[in-house]
2 protein chains.
Amino acid sequence: MATEPDRTSDGKLPTIRDVAARAGVSVMTVSRVINKQSWVSPKTRSRVEEAIAALNYAPSAVARALAGSDDRRVALLYRASTTSAYLGELLLGALDNAADHRLHLVVERCDGASAEEIVAQVQHARVSGVILPPPLCDWRELIEALAAKKIKAVSIAPDIVDSGELTIAIDDKHAAFEMTRHLIELGHRNIGFIKGNPQHRASARRLEGFRQAMRANGLSDDEQWIVPGDFSYRSGLDAAERLLDLPVRPTAIFACNDDMAAAAITIAHQRQIDVPAQLTVCGFDDTPLANAIWPTLTTIHQPIRDMSREALALLAAEIREGGTANPHVKLDYRLIRRQSDAVPPRRPKTGV
Amino acid sequence: MATEPDRTSDGKLPTIRDVAARAGVSVMTVSRVINKQSWVSPKTRSRVEEAIAALNYAPSAVARALAGSDDRRVALLYRASTTSAYLGELLLGALDNAADHRLHLVVERCDGASAEEIVAQVQHARVSGVILPPPLCDWRELIEALAAKKIKAVSIAPDIVDSGELTIAIDDKHAAFEMTRHLIELGHRNIGFIKGNPQHRASARRLEGFRQAMRANGLSDDEQWIVPGDFSYRSGLDAAERLLDLPVRPTAIFACNDDMAAAAITIAHQRQIDVPAQLTVCGFDDTPLANAIWPTLTTIHQPIRDMSREALALLAAEIREGGTANPHVKLDYRLIRRQSDAVPPRRPKTGV
DNA sequence: TTGAAAGCGCTAACAT
DNA sequence: ATGTTAGCGCTTTCAA
């Protein structure tokens, strides 16, 4: 059973013309069949479909892009600072339904460029929409510059914004709130927090969720319990040292991402502090790392792949229908309990 | 300073015609300038270049693909089983110099398809070359089917093969040999080995390197010290349990990749076996994980990004010059010593 | 050394 | 319901 496309005598792939000839119709009719457009009589349609099948014809994306109103190309922009694992997930999600939406995805790096330069780059790439993962999603100038040129942009995990831009996000603040509440319910009172890279606005949102939960439970969100970090494992090492050097040691550490949480666990190991018996550590993101360390990490699952999938769907709707019911998609996060959290040590269950 | 492309009055990007008009030459001349082709008088050339700069013109890749002999598109094929981190690295490397080679990279998933179906898919995608990461690189049928259709394929990290196909690889066998020798030099005699996914031929090569090193040093590569795994963290957990349950426990474990090594460390932690004081563990690949666990992992660094970069260069040469001096590129690996290896325990340094 | 003509494979805008 | 006519932006002939 040959799935392979037939080739005309000159060794080229079949074109729409070959299909038209074989079906005895005009190329336009074939085009309509392909695009499920306007009305084609069932009889003609099936003749064309037979010819397509017989020739194993598939339209050329390139020719379509050139001839069509070119609203089929979208770009996934990224900076070198984005980890390849995150980028890989985004890519897989986007690729996943690019074909369904008849969109062609191009991946473009835009390092060190000014907002204007990036707009130029995007225009040259002939794309009509872009996906902006962090930290690009929080770059107001860029978003406005793109909007000024009528290039649709969908931000992945940006700060909440008032303008009409498209966004895909999880509720970082509420997720952090929930994780903190979870720790408090476990019995923790002294909870340390390791902040994320300040360039990523998500960091601020997570911190805010932490603070709210602490205050909501009558606990103090004292500055000394909140230490800086930048999402890197290295920074997590330093941050954890600082927290564990505190006069009153926290019984739990909530890190703004998994890498830093892993670092905290490392420091605990080095100091012979048992996790979770003596110290609870939890993270955020649920990267593969969370499952590859010991103890496995309690964390917030962020559906990265779904996010880019949704981003693409949003772009498709925006580009073609010129608008969507809801331009702000909120995806669900999940608190994943694994082995790194427990009740705090030395706290009698009941009575004095 | 506006880098942004000018737009003609109708709001579209400048085309080659606009450039031609502005420079007072024919479009053909502009085309020649762009492609640095044949002879254009320096005077004309500079006039054209001025016009290009003034208009901030950039040629449309789409139009070029359609008009040209289309030898500019290459695909990165992958299966869903490939981890997004690995895929992300490959992608970044490939993207990195796709532009330099004037190649357009498309990323295509090809799951569950037969070799013939994949060939059809590739032909429909109108690409003239493909990059095959593992495990596709070891699929003989596919490689032959592609060759039969004159589609250039470059395999990343395949088995050594006799046919004239293009390959990029590190010397897995020798890397494993070196790591094993390193362990032996440290004083280890009882070394356990966790095998990789048998579908990836690299697994066999690494095992072979291990075996050779053991035998070369008069040690036995007894089957009981060699346990199955499939590259997953989970499988590493089981494998490590088996090794540590052996009547004579190994003093070192060499896992076929980092994930399984991390799993071995986890098991050791659980059994209160100190790594590396009581047990040496090392991995292979040098993924980000190697640096995010404690102790950090001694492993073999594999330059994934460079591999796809080279793959692209190879394809470019092959597609355009129709051949290369050396179709088998060998990249360097590096043994990275971190904290998970040490001399074996309870072995007096000297004398009895 | 340069230019004119003829497409590449498809679709949009009009016919019919 | 179907066909005709023009391109999309560029490159490949071939001619000058």
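In what follows, chains carry the letters A, B, and so on, assigned in the order in which the sequence lines appear, proteins first and then strands, with residues in each chain numbered from 1.
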Task: Given D:dT4, D:dA1, C:dT2, the nucleotide with the shortest approach to the side chain of A:Ser26 - done: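 When the side chain of A:Ser26 is considered, D:dT4 is the closest of D:dT4, D:dA1, C:dT2.
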
Open item on the list: Checking contacts here: which listed nucleotide (C:dC10, D:dA1, D:dC10) is nearest the side-chain heavy atoms of A:Ala63?
Closed with: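 Nearest listed nucleotide: C:dC10.
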
Could you state the [atom1]-[atom2] distance from [X] to [N], rounded to the nearest angstrom?
X	N	atom1	atom2	answer
A:Arg73	D:dG9	CZ	P	13 Å
A:Arg64	C:dA12	CZ	C1'	14 Å
A:Arg17	C:dC10	CZ	C1'	8 Å
A:Arg47	D:dA1	CZ	C1'	13 Å
B:Ile34	D:dT12	CD1	P	12 Å
A:Leu66	D:dT11	CG	P	12 Å
A:Arg126	D:dG9	CZ	P	7 Å
A:Asn35	D:dT2	CG	P	16 Å

Are the side chain of [X] and the backbone of [Y] linked by a donor-acceptor contact shorter than 3.5 Å?
X	Y	answer
A:Gln121	A:Arg109	yes
B:Arg73	B:Leu103	no
B:Glu117	B:Ser114	yes

Open item on the list: Run A:Arg305 and A:Glu310 through salt bridge (Lys or Arg N to Asp or Glu O under 4.0 Å) and show every step you take.
Closed with: CA-CA 9 Å; A:Arg305 202 177 290 204; A:Glu310 288 296 325; over 6 Å; no

TODO: Indicate yes or no: does A:Lys149 engage A:Glu116 in a salt bridge with an N to O separation below 4.0 Å.
DONE: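 No salt bridge links A:Lys149 with A:Glu116.
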
Given [N], is OP1 or OP2 found less than 4.0 Å from the side-chain N or O atoms of [X]?
X	N	answer
B:Ser60	D:dC8	no
A:Thr44	D:dA1	no
A:Ser31	C:dT11	yes
A:Thr29	D:dA1	no

So which protein N/O to nucleotides 13-16 of chain C N/O distances come out below 3.5 Å?
none

TODO: Using side chain to side chain contact (heavy atoms under 4.5 Å, CB included) as the criterion, point out the one residue from B:Leu312, B:Val122, B:Val130 that pairs with B:Val74.
DONE: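 When side chain to side chain contact (heavy atoms under 4.5 Å, CB included) is applied between B:Val74 and each of B:Leu312, B:Val122, B:Val130, only B:Leu312 qualifies.
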
Task: Distance in Å, A:Ser84 OG paired with B:Leu90 CG, rounded so as to fall on 0.5 Å steps - done: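 Atom-to-atom, A:Ser84:OG and B:Leu90:CG are 9.5 Å apart.
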
Task: Check: B:Leu314 and B:Pro327 side chains under 4.5 Å, non-hydrogen atoms - done: no

Task: All side chain to side chain contact (heavy atoms under 4.5 Å, CB included) counterparts of B:Asp100, not counting sequence neighbours - done: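 Result, side chain to side chain contact (heavy atoms under 4.5 Å, CB included) vs B:Asp100: B:Asn97.
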
Task: Axis deviation across the helix from C:dT1-D:dA16 to C:dT16-D:dA1, five-pair ends, to the nearest 10° - done: 30°

